[in-house]
Engineer: 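Before anything else, here's the structure in question.
In this text, all values refer to a predicted model and were calculated from it rather than measured experimentally. In this chain, numbering begins with 1 at the start of the sequence shown.
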Amino acid sequence: MKIESKPLRYAHAEGHTDVCFSEDGQHIITCGHDGDVRIWLGIEDDDPNSHCVGESALAVCFKDKRLYVANDNHTVQAYTFPAFDKDGIVTRFTAPVTQIMSSPQIEVLGCCSENMESKICNLEGGAPLFVMTEHKGPVLSVAICPHMKYAGHCLWRWSVKDMGYRHTENCRISFEPTEGKYLAYPNNREIILLDSESWGQRLTFTHNSIKCAISQCLFSPCGQYIAGSTLAGQIAVWEVQSGTCIGIIEHPTSHNVSAMAWSPKGNGVLAYCDIAGQLGMLVNCYGQDSNKVNGDSEDIEMVERDDNDELVENLIHNYESDDDNAISLEKIKNDTLGLTTEQESRPQSRHAAPAPSAVPPQPPFQPSATPAHLEHRYMCWNDIGIVRCHTAENGESSIDIEFHDSSLHHGINLNNYLNHTMASLSSSVLALACETPSKLVCISLMGSSKEWSVAMPDTEEILCVSATSALVACATDARLLRLFTTMGTQRQVISLPGPAVALSGFNTTVMAVYHSTDPGLSDQHLAMDIIALNGRQVRSKTVHLPLTPGCKLAWLGCTDVGSPCTYDTAGILRLYDIASGIWMPICDTTAHSKGASDTWFIVSISEPTQTVRVILCRGTSYPLTVPRPIVTEIPLQIPLCELDNEKSQYEEQLVRWAHTTADVDVKTARETALKLFALACRSEIEQRALELMELLKDEKLLPLAAKYASRLGRMHLADKLSDLADRWHTDADKLNVAHNSHFQELETQETYDVTQDDMNSSIIIPQRINKKVESVAPIKPVPIKSSPMGKRNPFRKQQDTIKSGQNPLSLTDRTLVEVHTVPEATENNDPLTPLEGETFVIWFSRNKSTLEEQHPELTPSELTRQGVRMFKSIQTASEGPQKRKLEDSTDASVTNAPKQSKLSAFAFQKK
């Protein structure tokens with residue numbers, strides 16, 4: 001029989017409303033935002049008894065002929081029933097009470113509050129039996145198993161991502177009432193059933209008709225059925241053993257259901273209240289007529305009162321038999337009345353083995369966006385602008401786009417007639433996407449605004465979308481990543497190895513995060529594909545995504561120079577260094593939080609200024625739309641050990657500057673290094689000071705350190721520092737010779753591609769590689785001045801030049817060497833001509849685009865071999881004349897040259 005819904009009745013003023021039944025099931029008790037508690041004889045009672053308890057009544061519970069009501073004074077007050085006289089205060093809180101619960105099997109009262117506390121109290125009052133205060137946020141719900149072994153709690157922090165808690169939106173969890181072997185909790189659009197012994201997931205209840213997130217769930221008194229309500233007012237009932245959905249009821253006005261209560265009669269009657277203060281009732285929730293259910297219970301009582309001893313003996317004999325279809329009096333009593341026997345001789349054949357405990361996989365989300373079910377929400381907030389979505393009470397929705405720089409584009413207001421739930425904003429395009437029907441709509445911001453759209457195939461649904469200055473990407477549930485240009489050209493379709501979680505991008509690079517494997521016991525196993533497009537070429541690099549244990553990914557994006565960054569729910573911000581291929585924690589936002597429930601909403605990250613632009617969310621996980629939140633900046637800081645002392649602070653600066661493109665001048669970088677060197681000298685740890693100079697490897701810093709060591713009287717250290725520069729030059733020369741000998745065999749190799757290691761990152765982050773190439777200062781060729789006597793000094797002391805072979809562990813790749821070095825001007829107008837001392841790798845990376853234009857028909861490997869031939873031919877052609885025209889040459893070239901070339905350097909030319 002279908003579930004039937006009774007007409008709604010006005011119960012209280014608009015606001016949060018709670019409901020419960022009396023223990024005999026004869027009365028319905030409600031409380032509301034108007035501060036009244038009403039006692040109904042039924043849903044059709046036109047004159048309920050009303051009692052005022054304060055300005056507002058937040059929760060109500062009936063237990064042992066007493067009513068327990070939570071009022072606006074943050075207290076749980078006891079009242080007698082039905083006289084409704086005050087009978088003492090059970091407990092007090094410092095914030096509004098969110099729920100009061102009890103059950104016939106337990107003789108305690110469970111209470112929870114927004115002050116991040118939950119209590120298990122005695123029914124007569126007094127000190128609480130147990131207080132739990134180690135929560136990370138306001139407690140929304142409490143559940144106690146019938147054996148008093150476990151107590152479950154639902155926190156604001158845990159549920160706000162799925163349902164955005166407010167006073168009108170709750171989260172309710174429930175234990176199975178007969179034996180407490182299951183714990184049910186809502187998770188997005190489904191209800192998850194956990195085994196209370198192993199805490200492994202047993203079942204999942206969901207349905208295709210469910211429109212939005214489920215906010216609460218509740219077991220029936222017999223434990224065989226479970227009801228769940230959504231934020232859109234839908235109420236669904238499932239059978240626990242089979243997982244079958246008995247029926248789904250739509251709320252007439254689509255208001256959020258704030259409370260539900262099963263009738264203790266076991267007749268399949270479910271009462272509920274909504275945030276509009278209305279009372280409703282569902283009957284036939286067990287799949288059969290509620291009146292017949294009552295009749296069956298009476299028939300069972302008649303069997304128990306039967307005096308026929310032979311019938312009783314047969315029933316007992318059948319119960320002890322092995323036949324599954326046998327009739328058992330004890331079994332009927334246990335199934336109907338919820339009783340259990342002390343010893344069960346029959347095996348539990350219907351129960352499956354406990355499943356291994358695993359966390360559910362993280363659903364896809366949009367970075368820098370708030371949940372889609374909110375009436376006023378942020379669809380995107382980044383360094384370009386803000387995209388807001390506003391939904392009216394009548395269901396109409398609009399999208400408002402605001403740009404931080406008004407010169408980029410004027411504000412835009414759109415009618416959200418397609419019900420877009422995803423948005424991404426870049427400097428050149430606004431991308432919008434909706435789930436059903438799945439469609440991608442983009443508005444170009446360059447010049448005149450041009451709109452284009454594309455519909456996904458019928459079998460695909462867009463999960464997340466991302467827009468960059470050159471690309472638009474969307475990931476679908478078919479595990480496909482579809483790439484478009486900003487004007488609508490379909491660029492690429494890529495298969496993802498797992499379900500998509502989030503997308504982000506920078507210029508021509510797209511980052512796709514997906515589930516690499518199923519989640520473990522407490523962790524999400526995520527991976528990220530960095531996909532770079534360069535003309536016709538597409539390159540990809542897969543990296544694993546680190547997360548704090550037990551946390552989820554909360555944000556994905558890039559810095560203003562293109563470094564991939566992630567942010568998890570524990571407040572750890574990480575940066576992926578393309579050059580070294582490592583993830584580094586660059587900021588711990590919890591160190592800047594004052595409250596335990598405060599979180600940070602990431603807007604953007606700036607590497608040159610070393611700051612993160614964030615929004616502080618006090619007590620929530622997302623910022624409010626009104627009033628407009630204030631964007632603040634917090635500094636980047638790598639969490640090294642003992643950051644409170646001076647030494648660790650200097651070390652943190654050097655490490656951070658080495659792996660980020662910080663806007664640091666020469667003076668500041670050298671001062672920091674010298675301060676750290678001075679601390680090591682003053683601590684009488686000369687080996688640490690020498691180790692520091694070897695690590696920094698800055699030739700201009702070395703004399704200053706040696707001079708400082710001499711002033712302190714550390715002559716032994718000064719001598720070691722003086723010898724350090726000569727050793728650097730020798731090591732660099734050996735490394736240069738090894739590189740040149742390695743690339744002499746490139747021409748004979750078939751598939752070797754020099755860009756595999758050195759040029760893979762250049763496509764992804766071209767700014768950094770270009771900066772490194774510029775840091776190599778070329779030697780300026782100076783022509784020999786004509787002199788009739790040919791006077792030259794062959795014994796002139798050679799000036800030091802910057803070596804191309806840097807220590808891969810050097811902290812100065814981007815700071816102490818790269819920032820200081822300024823390339824000199826060159827007179828070489830031909831870009832294909834190699835610079836003095838330039839290796840083939842640097843020459844090929846500098847001229848690759850030119851070679852591709854000259855030889856577009858070649859493959860990457862063929863282009864590499866062609867470059868080797870051209871590099872050798874150019875070197876051979878310019879080897880003789882250059883040696884005669886250079887005024888200064890390096891010691892290595894003079895030493896390695898044959899004797900004839902050395903003597904010819906002193907010859908003068910005939911006119």
Side-chain angles (χ1 to χ4, degrees), residues 94-96 113-116 134-140 155-167 169 365-390 400 402 404 423 425 502 504 547-548 551-560 565-575 585-607 609-639 643 656:
T94 59
S113 170
E114 292 182 6
N115 66 345
M116 295 178 284
E134 300 297 328
H135 301 109
K136 299 296 183 180
V139 185
L140 304 183
L155 305 183
W156 189 338
R157 181 184 298 272
W158 174 53
S159 62
V160 71
K161 182 172 183 60
D162 297 322
M163 57 202 64
Y165 172 76
R166 291 177 291 179
H167 271 303
E169 298 175 3
F365 70 96
Q366 282 293 117
S368 299
T370 54
H373 69 271
L374 300 179
E375 294 181 357
H376 306 281
R377 58 181 291 257
Y378 294 106
M379 301 181 72
C380 180
W381 189 333
N382 55 19
D383 54 349
I384 302 297
I386 307 172
V387 182
R388 302 183 186 88
C389 182
H390 306 280
D400 181 23
E402 175 186 347
H404 301 315
L425 181 64
S504 185
L547 293 173
T548 305
C551 295
K552 295 182 179 181
L553 182 66
W555 181 83
L556 174 69
C558 292
T559 64
D560 51 358
C565 294
T566 61
Y567 180 75
D568 58 22
T569 53
I572 303 298
L573 181 65
R574 295 177 177 87
L575 180 141
I586 58 174
C587 185
D588 185 3
T589 58
T590 57
H592 304 273
S593 302
K594 295 182 179 179
S597 59
D598 294 346
T599 58
W600 296 91
F601 186 81
I602 305 295
V603 175
S604 62
I605 304 172
S606 176
E607 283 193 61
T609 60
Q610 300 284 282
T611 55
V612 185
R613 300 179 70 244
V614 293
I615 298 173
L616 176 61
C617 305
R618 298 187 180 276
T620 65
S621 293
Y622 302 100
L624 301 176
T625 54
V626 177
R628 180 170 177 170
I630 300 175
V631 180
T632 59
E633 292 185 352
I634 57 178
L636 296 181
Q637 188 179 51
I638 298 178
L643 280 175
R656 175 161 41 87

Engineer: Please answer whether the main-chain N or O of Pro96 pairs with a side-chain N or O of Ser113 as donor and acceptor at a distance below 3.5 Å.
Structural biologist: yes
Engineer: How many angstroms lie between OG1 in Thr590 and CG in Asp598, if you round to the nearest 0.5 Å?
Structural biologist: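 So the OG1 of Thr590 and the CG of Asp598 are separated by 11.5 Å.
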Engineer: How long is the gap from CD on Glu402 to CG on Leu425, to the nearest 0.5 Å?
Structural biologist: 11.0 Å
Engineer: Whether the side chain of Gln637 engages the backbone of Asp588 through a donor-acceptor N/O pair (distance < 3.5 Å, no angle test) should be reported.
Structural biologist: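 A pair under 3.5 Å: no.
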Engineer: Between Pro585 and Pro639, what is the shortest heavy-atom contact and its length?
Structural biologist: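 Heavy atoms only, the tightest pair is O-CD, 3.2 Å.
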Engineer: I need the minimum non-hydrogen distance between Ser504 and Gly557, along with the two atoms involved.
Structural biologist: OG-CA, 3.3 Å
Engineer: I'd like to know whether Thr548 forms a side chain to side chain contact (heavy atoms under 4.5 Å, CB included) with Arg574, so could you lay out the CA-CA distance, the side-chain angles of the two residues, the decisive distance to 0.1 Å, and finally the verdict.
Structural biologist: CA-CA 11 Å; Thr548 305; Arg574 295 177 177 87; 3.3 Å; yes
Engineer: Thr599 and Ser621: which non-hydrogen atoms are nearest, and at how many Å?
Structural biologist: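 In this case the closest contact between Thr599 and Ser621 is OG1-CA, 3.2 Å.
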Engineer: What's the spacing between His373 NE2 and Thr370 OG1 if we round to 0.5 Å?
Structural biologist: 9.0 Å
Engineer: Evaluate the side chain to side chain contact (heavy atoms under 4.5 Å, CB included) criterion for residues Trp555 and Cys565: first the C-alpha distance (whole Å), next the side-chain angles of each, then the deciding distance (0.1 Å), finally the verdict.
Structural biologist: CA-CA 8 Å; Trp555 181 83; Cys565 294; 3.9 Å; yes
Engineer: Can you tell me how far OG1 of Thr94 sits from CG of Asn115, rounded to the nearest 0.5 angstrom?
Structural biologist: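 Going from the CG atom of Asn115 to the OG1 atom of Thr94 covers 3.5 Å.
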Engineer: Which heavy-atom pair separates Leu624 from Pro629 by the least distance, and what is that distance?
Structural biologist: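 Where Leu624 meets Pro629 most closely, the heavy atoms are O-CD, 3.2 Å.
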Engineer: Taking the side chain as C-beta and beyond, is there a heavy-atom pair between Val612 and His592 under 4.5 Å?
Structural biologist: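 Val612 vs His592: side chains apart.
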Engineer: Can you check whether Thr589's main-chain N or O pairs, donor with acceptor, with Trp600's side chain at less than 3.5 Å?
Structural biologist: yes
Engineer: Checking the side chain of Thr559 only, and the main-chain atoms of Ile605 only, is there a donor and an acceptor separated by less than 3.5 Å?
Structural biologist: no
Engineer: Looking only at atom types and distance, does a side-chain atom of Asp560 sit under 3.5 Å from a main-chain N or O of Glu607, one as donor and one as acceptor?
Structural biologist: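 It does hold such a pair.
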Engineer: Tell me the closest heavy-atom pair linking Met379 and Ala369, and the distance in Å.
Structural biologist: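 Heavy atoms of Met379 and Ala369 come nearest at O-CB, 3.3 Å.
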Engineer: Roughly how far apart are Arg613 CZ and Thr632 OG1, rounded to 0.5 Å?
Structural biologist: 9.5 Å
Engineer: Output yes when a side-chain donor or acceptor of Arg377 lies under 3.5 Å from a complementary backbone atom of Pro371, and no otherwise.
Structural biologist: yes
Engineer: Looking only at atom types and distance, does a side-chain atom of Asn382 sit under 3.5 Å from a main-chain N or O of Ser368, one as donor and one as acceptor?
Structural biologist: no
Engineer: Quick one: does Thr569's side chain have a donor or acceptor within less than 3.5 Å of a partner on Ala554's backbone?
Structural biologist: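 The answer is no, because no donor-acceptor pair under 3.5 Å joins these two groups.
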Engineer: Give the minimum heavy-atom separation between Cys587 and Leu636, together with the two atoms involved.
Structural biologist: CB-CD2, 4.3 Å
Engineer: Could you grab the distance from atom OH of Tyr567 to atom CD1 of Ile586, nearest 0.5 Å is fine?
Structural biologist: 12.0 Å
Engineer: Please state whether the rings of Trp381 and His404 are parallel, tilted or perpendicular, taking 30° and 60° as the class boundaries.
Structural biologist: tilted
Engineer: As a quick check of understanding, evaluate side chain to side chain contact (heavy atoms under 4.5 Å, CB included) for Val631 and Ile615, giving each step before the final call.
Structural biologist: CA-CA 5 Å; Val631 180; Ile615 298 173; 4.0 Å; yes
